[in-house]
Amino acid sequence: MDDAYSTQLTAGESVEATGLEQLMALKEGDTFLVADGWGDMKGGADGLFAGDTRVLSRWAMTVGLLKPSRLSSGVSQDNVFFSCHTTNRPLPPMGGRSAPAGVLHIERRRFLWNRRMFERIRMVNHGVEDILLPLAFDFGADFFDIFQVRGTPRAKRGTIHTPTTDGRRVTFRYTGLDDVDRSSCIAFSEPPARLTHQRAEFMFSLPKGRSLDLFIECGVDACETPDADRWRQNAIQARLAMRAKRRRGASVRGPRSPRFNDWLDQSRADMALLTTDLPTGPYPYAGTPWFSTPFGRDGIISAWQMLWLDPSLAKGVLTYLASRQATETSLYRDSQPGKIMHETRGGEMSALHEVPFGLYYGGVDTTCLFVALAGAYANRTGDLDLIRKLWPNLIAAADWMRDYGDSNNDGLIDYQRGADTGLSNQGWKDSEDSIFHADGRFPKGPIALLEVQGYAFAAWKALGDLGERLHDDRTTEWRMRAEQVRSLVEEKFWMEDEGFYAVALDGDGQQCRAIASNAGHLLFTGLPSLERARRVTKRLLTAEFRTGWGIRTLEVGQARFNPMSYHNGSVWPHDTAMAAAGMAAYGERDAVAQILAEIYAAAAHFHLRLPELFCGFPREPGEPPIAYPVACLPQAWAAGSVFLMLQATLGLSIDAWTETVDLADPVLPAGLDRLKITGLEVGGAVVDLNIQHADGRAVVIPHHKQGKVSIRTLR
């Protein structure tokens, strides 16, 4: 490996990422909030959202008619509380005197619980005189659908009713074109001196050395009167619920390295924040602000990243997606019987079919991934009860792969959108310009993506293994299909002159000879031969792919390469992680450990919270990675990337059928000399693992083993 890419985990202090506005996001269930660093919402991309509708579009605080001076702000590491510390600018004269700047400490602290925002304004007078404090809030509720907030135009919308007030609360109401009444309210613990439909004004008398609290609540439907007890009791419930989600499954910790452990903690907290406990079980929503909803592909990959630590996510994802499996054909929704959902939405525009995403199936890979995850979950847990419950859904998914997924009967899964309103590209790189020929031309459909064939291979293989355990007589057929897919991919996608796989085949069966990171996903599925996997790995590790912060989605020099694009040269942490896991599966450990160290260094520059993506510029000494300005933050599969890469560097696999944990040639990244995994469950057994460097090798030492489980280190 090039020494220029060697990164120490102990190096690299956090610096603020430039170009990325630090919007502060909170989420609880199907409610989320996005605000600026002061806690204000201005009606742009921010606001308080419930059920894909913005129920509070404006919420801005002023002190003496001015925005206060911000001292600091942020979200707590457990993602429950947002707080902003401010101080006053000079206050206007009151009774002949004016308070100078910097004598008031004003803290805004808020959290979400039970579909509402709870906010406390704490004011402390550190001056030498009593102060009359004018405090005001400007507010509004536009009830925009989230797609309208994102910029989708609407020719017409419903009726916004005149807000009503009762002295200490304001209620907003909107009747949509779908004939659904939506309402929200704002309530104050103290009655404002003046309250209108858009503004609340207070005048507080604050003696020197004293403090005063104002409590505010905002949410759907009616509001009770806020007070300190309601704040405290709901805050306790919010924090306990988040703590319970963070403690699911096993934990992993580094040595006494606060930075690395903080990264692990932040990643686990972000996954917990985005996970919603649905009736079918926990489901990781894709990301805030735009994707705070169940996505099929994102949920499956996020659950797969966490599978070795917390199988409950995979169980929840599989169960939910099975409940939303398509049963009919719809060109508008890109659905056919047996297909697994891509996305679901709950807003007005979806209900009216102004957008197809109320329940949309335009993901060509999700059905294959669903089956493959079921196989991986069964191997990890031995939970055949769930597999039996899902068996009709898995068979329906297999039927879709055979009958609909292969539209031209060439043995490959392909896609072509059914209606112009749908996604033109339907793999994980779903932007319009992400799939193309070597000269930049867009291919005609139907398109067969490289990585999707790998997912199909893994799905047929999983069905064969599960069918054998359930004594299904179609097992041989499924295993034959897996090998047929393998043979077709090796024959049709491999480019011997490039030593790499084509990103896709077009509708004429011609290779789209762009060199892209999709091949890393193919490695993840285990489809390529060892010799070809090594050639792909070697190319993915060149400077044309590897930035020093991760792996680009497209090789430098390819047509349409742009390091600032969404999919054509940027770095996506989950994409890098899947490629790294694929390399590790073919025996590459040292380079994977280095890539983990590079991703950690990138995370350090993003406040230890990896964004959805960042720009694919090469790493320069002393400079941070370049942010992608509208990346989702947090994003579930970005948060889960560290855990998949750790599993890859350790070569760790769990086989519940044989009750074994294997660590194949484990490696720890440079700068990380110890790692501890606590509470790893295998069947009915639990074990802790200590991994540490000794004599230049990683040594695995089991501790506190309870129950029957075998730990093997393979060299």
Side-chain angles (χ1 to χ4, degrees), residues 286-287 290-291 295-302 334 342-343 360-369 412-417 422-438 440-456 489 493 500-506 511-525 536 540 544-545 547 550-556 558-580 582 611-616 628 630-632 635-638 641:
W290 305 124
F291 307 121
F295 274 74
R297 177 192 305 119
D298 297 63
I300 290 170
I301 291 177
S302 299
D334 271 315
H342 169 69
E343 176 181 0
Y360 181 60
Y361 293 85
V364 69
D365 49 3
T366 311
T367 308
C368 305
L369 283 167
L412 300 170
I413 305 295
D414 54 49
Y415 69 90
Q416 185 164 302
R417 66 180 175 184
L423 296 172
S424 56
N425 282 316
Q426 299 192 353
W428 86 262
K429 295 179 179 177
D430 56 6
S431 51
E432 291 185 351
D433 63 348
S434 62
I435 306 300
F436 49 87
H437 285 283
R441 287 180 298 113
F442 294 131
K444 62 178 290 189
I447 297 169
L449 286 172
L450 172 67
E451 75 276 14
V452 175
Q453 314 317 315
Y455 303 151
V489 170
F493 286 84
F500 211 76
Y501 292 95
V503 71
L505 301 182
D506 68 11
Q511 291 179 342
C512 298
R513 293 173 59 87
I515 307 298
S517 65
N518 305 54
H521 293 234
L522 194 70
L523 299 183
F524 178 78
T525 68
V536 168
L540 286 171
E544 283 70 31
F545 265 115
T547 65
I551 294 173
R552 296 183 181 93
T553 50
L554 187 68
E555 187 183 61
V556 173
Q558 297 295 303
R560 300 190 178 275
F561 173 79
N562 180 351
M564 301 173 290
S565 68
Y566 197 55
H567 286 129
N568 291 336
S570 54
V571 174
W572 289 63
H574 91 279
D575 181 48
T576 292
M578 292 187 75
E612 175 187 19
L613 73 155
F614 47 90
C615 293
Y628 188 84
V630 293
C632 279
Q635 184 89 349
W637 62 16
S641 296

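Not measured: the values here are computed from a predicted model.
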What distance separates [X] [atom1] from [Y] [atom2], expressed to the nearest 0.5 Å?
{"X": "R552", "Y": "D575", "atom1": "CZ", "atom2": "CG", "result": "12.5 Å"}
{"X": "M578", "Y": "I551", "atom1": "CE", "atom2": "CD1", "result": "12.5 Å"}
{"X": "S517", "Y": "W428", "atom1": "OG", "atom2": "CH2", "result": "5.5 Å"}
{"X": "Y415", "Y": "L449", "atom1": "OH", "atom2": "CG", "result": "4.5 Å"}
{"X": "F442", "Y": "H437", "atom1": "CZ", "atom2": "NE2", "result": "11.0 Å"}
{"X": "E451", "Y": "L369", "atom1": "CD", "atom2": "CG", "result": "9.0 Å"}

Could you tell me which non-hydrogen atom of [X] sits nearest to which non-hydrogen atom of [Y], and how far apart they are?
{"X": "A559", "Y": "A438", "result": "CB-O, 3.3 Å"}
{"X": "S565", "Y": "L613", "result": "O-CD1, 4.1 Å"}
{"X": "W290", "Y": "C632", "result": "N-SG, 4.2 Å"}
{"X": "V536", "Y": "A519", "result": "CG1-CB, 3.9 Å"}
{"X": "I413", "Y": "A456", "result": "CG1-CB, 3.9 Å"}
{"X": "Q426", "Y": "L423", "result": "NE2-O, 3.0 Å"}

Using the ring-ring contact (aromatic ring centres under 6.0 Å, His included) criterion, which residues pair with Y455? Sequence neighbours excluded. none
Using modelled atom types only, decide if a donor and an acceptor are shared between the side chain of [X] and the backbone of [Y] within a distance under 3.5 Å.
{"X": "Y501", "Y": "L522", "result": "no"}
{"X": "T366", "Y": "G296", "result": "no"}
{"X": "T553", "Y": "S570", "result": "yes"}

Parallel, tilted or perpendicular: which describes the rings of W637 and W572, with under 30° parallel and over 60° perpendicular? perpendicular
F545 vs F500 aromatic rings, parallel, tilted or perpendicular, using cut-offs 30° and 60°? parallel
Can you list the residues that meet the side-chain hydrogen bond (donor to acceptor under 3.5 Å, both in side chains) rule with H342, with sequence neighbours excluded? none
Report the residues that fulfil salt bridge (Lys or Arg N to Asp or Glu O under 4.0 Å) with [X], sequence neighbours left out, ordered by chain and then residue number.
{"X": "R560", "value": "none"}
{"X": "E612", "value": "none"}
{"X": "D365", "value": "R297"}

Answer yes or no: is there a side-chain heavy-atom contact under 4.5 Å between [X] and [Y]?
{"X": "I435", "Y": "P443", "result": "yes"}
{"X": "V364", "Y": "I447", "result": "no"}
{"X": "R417", "Y": "D334", "result": "yes"}
{"X": "Q635", "Y": "D298", "result": "yes"}

Among all residues two or more places apart in sequence or in another chain, which pass the side chain to side chain contact (heavy atoms under 4.5 Å, CB included) test with A448? L412, D414, Q453, F493, L505
Consider side-chain contact (heavy atoms from CB on, under 4.5 Å). Of L554, N425, D430, which one does H567 pass it with? D430
